[in-house]
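Contents: one structure, followed by commentary.
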2 protein chains.
Amino acid sequence: MTNTGRPAAPPMTNPRADRVKEVARLAGRPARLRQGRFLAEGPQSVREALALHSARHAAGEPEVIEELFITEECLDRHAELGLFEGQPAPRLVTEEVLAAMSSTVTPQGVIAVCSFVDVPLEAMLASEPRLVAVMVEVRDPGNAGTILRAADSAGADAVVLTSSSVDLYNPKAVRSTVGSLFHLPVVIGADLELVLTSLRERGIAVLAADGHGDVDLDVLQEGSARRRLAPATDVDSPAGEAQLEAPTAWLFGNEAQGLPDAVLKGADHRVAVPIYGRAESLNVGTAATVCLYASARAQRLS
Amino acid sequence: MTNTGRPAAPPMTNPRADRVKEVARLAGRPARLRQGRFLAEGPQSVREALALHSARHAAGEPEVIEELFITEECLDRHAELGLFEGQPAPRLVTEEVLAAMSSTVTPQGVIAVCSFVDVPLEAMLASEPRLVAVMVEVRDPGNAGTILRAADSAGADAVVLTSSSVDLYNPKAVRSTVGSLFHLPVVIGADLELVLTSLRERGIAVLAADGHGDVDLDVLQEGSARRRLAPATDVDSPAGEAQLEAPTAWLFGNEAQGLPDAVLKGADHRVAVPIYGRAESLNVGTAATVCLYASARAQRLS
């Protein structure tokens with residue numbers, strides 16, 4: 001049957017139906033873990049989920065979206081949400097049903113119930129990443145989502161969340177990624193020691209983002225620019241200095257405490273984003289963006 | 001009388017007192033405009049307000065803090081909040097009184113009632129700024145605060161909010177600045193045309209941060225690095241290219257719409273932070289940080 005993008009069944013109208021409650025429960029972690037599913041909400045997030053679903057469908061890989069609930073108004077405005085190759089047929093719901101399913105106070109007309117999309121650490125490493133963002137004890141879902149989005153923007157190859165970080169399938173974290181969750185390989189619940197060992201075995205330098213770090217990010221950027229633009233004058237770079245153009249994993253820590261001492265000691269370098277004014281610190285999402293873009297620029301230009 | 005840092009009066013205990021209500025009303029814009037005062041909440045914000053107050057007191061300039069309300073527990077933990085030279089004596093309040101005054105659900109033990117700290121556009125320009133952040137129709141208080149904090153971190157000389165931007169004295173905006181509001185000159189309610197004209201008259205280049213801009217920020221950074229490190233090879237920079245090391249004002253626009261077309265046309269250059277991955281955009285706070293740090297680095301190294 002050709003996918004017309006328009007649902008045949010009448011809209012679901014009962015916000016107290018069991019099926020509605022089952023979707024709503026995915027806002028909570030226990031239900032997510034039990035069902036192995038999570039919610040993507042809003043047109044932008046769902047569009048990116050559909051794109052991944054469709055690409056995997058074409059490749060014969062495990063699909064992403066199990067169920068797609070949408071209001072008539074949203075489908076009218078975003079007809080493409082019914083037109084991806086291989087997607088499940090959208091199921092029409094009333095505004096009330098969508099509100100009952102949603103984790104937000106302002107639902108945006110569409111919810112996709114998705115299978116978990118994270119990949120095993122080994123699979124991620126096998127893709128030979130050159131730029132990786134690792135979150136260690138990042139606890140705020142908004143920050144985790146922002147870092148993932150920044151990693152996507154900077155063209156990072158993968159993102160890792162260690163086991164002590166926030167659940168990335170938390171609806172607020174998913175929302176904060178603005179679709180980036182469906183763009184690049186994400187490893188969750190990773191054992192930090194194993195991550196560090198595995199990265200090193202593959203020759204990937206481990207840089208800890210640390211406000212008190214002894215290496216200045218701008219000095220590293222200048223060293224990289226000098227090797228690229230004026231190699232004959234590169235007399236200032238000490239041996240063993242971090243080279244941003246090399247394959248790199250950045251570690252980003254907890255909002256309040258930063259990275260644990262043991263992790264700082266285990267990193268190859270502790271790098272600070274310089275504070276030129278009088279601010280006491282940068283928030284972790286902001287610092288992560290600056291660090292990842294510095295690496296991306298050095299890697300692309302060198 | 002010597003400032004012992006300990007209040008003499010007994011704690012205020014009545015959360016329904018008129019004086020408490022008057023403070024609480026400063027969470028709203030009408031009361032702020034009527035009284036010309038706003039709230040700084042929490043130890044970090046209040047500490048930065050006190051530091052500015054004390055510096056101005058020493059210089060014989062208008063002071064910042066009019067009233068300081070603090071719980072006994074907070075004063076025990078942060079004794080320095082009573083020890084700044086020239087500060088008003090802290091007034092002890094109960095937790096209930098502080099909660100009734102506060103705009104947040106988790107008050108942090110201390111509230112300062114502050115006079116407005118913004119400066120006139122002319123005064124800011126007279127300080128010959130080399131790096132300025134201008135917010136045009138930035139509407140979210142959290143984003144405005146984040147941009148101000150990023151400007152402070154990058155060592156910008158001033159921040160401007162045009163008249164169509166959010167009120168920076170909104171408690172959420174103040175909180176998001178994490179004290180940076182008290183660190184550098186801020187102009188609010190500025191007329192955009194006048195700002196642009198005034199900047200140009202002083203030879204300050206106006207760069208519009210624009211996701212669709214035709215100039216790539218990384219290309220500008222590389223041009224700046226080349227002029228600095230390998231001037232003889234600087235054959236690629238077209239005449240009229242933006243030079244990040246020159247005095248610069250960055251324009252940052254609305255979260256959803258970006259900068260208005262008229263503003264984009266009026267800027268000297270429209271500059272995009274490159275997106276190397278598949279994210280559709282960066283949020284305005286993140287993009288602002290990357291742009292301001294790029295300028296700060298170029299200016300400091302050149």
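Quick caveat: nothing in here was measured; it's all calculated off a predicted structure. Below, read A as the first sequence line, B as the second, and so on, with proteins coming before strands; counting in each chain starts at 1.
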field: Contacts with chain B made by residues 210-222 of chain A (heavy-atom distance under 4.5 Å), listed by residue number
entry: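 Listed by number: Asp218(A), Gln221(A), Glu222(A).
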query: Roughly how far, to the nearest 0.5 Å, is CZ of Arg149(A) from CG of Asn283(B)?
result: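 Going from the CG atom of Asn283(B) to the CZ atom of Arg149(A) covers 5.0 Å.
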query: Taking Leu184(A), Asp157(A), Ile275(A) one by one, which has the highest count of heavy-atom pairs under 4.5 Å against chain B?
result: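 Counting heavy-atom pairs under 4.5 Å, the top option is Ile275(A).
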- prompt: In terms of heavy-atom proximity below 4.5 Å to chain A, should Ser153(B) be classed as side chain, backbone, both, or neither?
  reply: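 Both backbone and side chain.
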- prompt: So which part of Ala225(B) gets closer than 4.5 Å to some heavy atom of chain A, the side chain, the backbone, both or neither?
  reply: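 Its backbone and side chain both get close to chain A.
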task: Please look at Thr177(A) and chain B and tell me whether the side chain, the backbone, both or neither of the residue comes under 4.5 angstrom of a heavy atom of that chain.
output: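 Neither part, no heavy atoms under 4.5 Å.
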- prompt: For chain A, which residues from residues 42-49 of chain B lie under 4.5 Å away (heavy-atom distances)?
  reply: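 Residues of residues 42-49 of chain B touching chain A at under 4.5 Å: Gln44(B), Arg47(B), Glu48(B).
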message: Only heavy atoms, only distances under 4.5 angstrom. Which residues in residues 289-302 of chain B are near chain A?
response: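 Answer by number: Thr289(B), Val290(B), Tyr293(B), Ala296(B), Arg297(B), Arg300(B), Leu301(B).
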Do you know which of [options] has the most heavy-atom pairs under 4.5 Å to chain A?
| options | value |
| --- | --- |
| Val273(B), Val178(B), Thr146(B), Leu282(B) | Leu282(B) |
| Ser180(B), Gly179(B), Ser281(B) | Ser281(B) |
| Gly285(B), Ala288(B), Pro274(B), Ala150(B) | Pro274(B) |

task: Using ring pair (Phe, Tyr, Trp, His ring centres under 6.0 Å) as the criterion, list what pairs up with Phe182(A), not counting sequence neighbours.
output: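 Ring pair (Phe, Tyr, Trp, His ring centres under 6.0 Å) check on Phe182(A) returns nothing, list empty.
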- request: Determine, stepwise, if the pair Asp152(B) / Arg278(A) fulfils side chain to side chain contact (heavy atoms under 4.5 Å, CB included).
  value: CA-CA 6 Å; Asp152(B) 182 20; Arg278(A) 292 170 54 213; 4.0 Å; yes
